[in-house]
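Owing to the predicted nature of the structure, the values given are computational and were not obtained by experimental measurement. A note on names: the letters A, B, ... follow the listed sequences, proteins ahead of strands, and every chain is numbered from 1.
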Amino acid sequence: MTAATSKPPTAPKFWLMKGEPDECTIDDLANLPNQTVPWTGVRNYQARNFMREMRLGDLAFFYHSSCPEPGIAGIVQISRLAYPDATQFDAKSKYFDAKSKPEAPRWEHVDVQLVRKLPLISLATLRETPALADLTILQRGNRLSITPVDTVHWEQVLKLIAIN
DNA sequence: GCCAACGTTGGC
DNA sequence: GCCAACGTTGGC
C-alpha cells in the first residue's frame with residue numbers, strides 16, 4: 001500500500017454561489033472587464049469560510065436568486081483568492097459593518113470569472129431531478145448563499161443540459 | 001406581501 | 001451559556 005490513494009491537493013472543487021439579478025446577472029458578468037466580478041457583500045460567516053477554502057480554478061455554478069426565474073445561469077471560476085471586502089468599511093454601502101475594523105476585517109470575498117453561460121436550469125427542474133435530492137440548496141430551510149457541490153451533483157446538473 | 005427557517009444579538 | 005426577540009433570506 002502506497003500513499004498514492006489520497007487525492008492531490010490541487011483537485012478543483014465545485015461550489016454554488018447565489019447572486020441577485022438585480023445586482024449582477026450572468027449577462028452583466030459577461031459584459032464586465034475580464035468578465036470578472038468581486039463577490040462582495042457576503043455577511044454570513046459560514047459562506048465567508050467557504051470562500052476562504054476556495055482555490056484558484058475551482059468552479060462554481062452562478063445561481064440567480066430572489067428573482068422571477070431562480071436557477072443556475074452559468075459557470076464561473078475562482079480567479080482571485082479571498083481578500084478583505086472593502087464595502088464593509090464604506091458607511092454609504094448597504095454592506096457597511098460598523099463593527100468591523102480595518103486592522104481586523106471580518107468579511108472577505110473571492111473574485112469570479114465567467115467560464116460559460118448556460119441555458120437557465122430552473123429551481124423547479126433541479127427539484128424534479130431525483131439524483132439531485134441531496135443538493136444543499138434544495139434542502140429544507142437552506143439559505144446559505146455559498147455552498148459546496150459534490151462532484152456527482154455537479155455532473156448531474158450538466159447532464160440536464162447535455163453538456164460534459 | 002406572506003411566512004418558514006435560520007442566524008445574530010444582547011440581557012440575564 | 002441560555003434563549004427570547006429580532007432581522008434576514010428567498011421561494012411562492
Participant: Do R80(A) and Y83(A) form a cation-pi contact, if we require the NZ or CZ to be under 6.0 Å from the six-membered ring centre and within 45 degrees of the ring's axis?
Facilitator: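 Yes; both conditions hold, so R80(A) lies above the ring face of Y83(A).
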Participant: Can you tell me how far C1' of dT8(C) sits from OH of Y95(A), to the nearest Å?
Facilitator: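 These atoms are roughly 13 Å apart.
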Participant: Assign each of K99(A) and N44(A) to its nearest nucleotide of DNA chain B by heavy atoms, then name whichever residue's nucleotide is nearer the 5' end.
Facilitator: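 The answer here is N44(A).
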Participant: Pick the nucleotide of DNA chain B nearest each of R43(A) and R140(A); which residue has the one closer to the 5' end?
Facilitator: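 Nearer the 5' end of the strand: R140(A).
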Participant: Tell me whether the centres of the aromatic rings in W107(A) and Y95(A) are closer together than 6.0 Å.
Facilitator: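 Between Y95(A) and W107(A), which both carry aromatic rings, the centre distance is not below 6.0 Å.
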Participant: Side-chain atoms of residues 140-149 of chain A: list all donor-acceptor pairs with protein atoms under 3.5 Å, sequence neighbours left out, distances to 0.1 Å.
Facilitator:
unit_1, atom_1, unit_2, atom_2, d
N142(A), OD1, L144(A), N, 3.3

Participant: Just the table, please: protein N/O against nucleotides 9-12 of chain C N/O, every pair under 3.5 Å.
Facilitator:
unit_1, atom_1, unit_2, atom_2, d
dT9(C), O3', R143(A), O, 3.4
dG10(C), OP1, K18(A), NZ, 2.8
dG10(C), OP1, R143(A), O, 2.6
dG11(C), OP1, Y63(A), OH, 3.1
dG11(C), OP2, S66(A), N, 3.0

Participant: Just by distance, do the side chain of T36(A) and the backbone of L32(A) share a donor-acceptor pair under 3.5 Å?
Facilitator: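 No, the answer is negative, given that no donor and acceptor are paired below the 3.5 Å cut-off.
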Participant: R106(A): which residues meet the salt bridge (charged side-chain N to carboxylate O under 4.0 Å, His left out) condition with it, sequence neighbours left out?
Facilitator: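 Salt bridge (charged side-chain N to carboxylate O under 4.0 Å, His left out) check on R106(A) returns D97(A).
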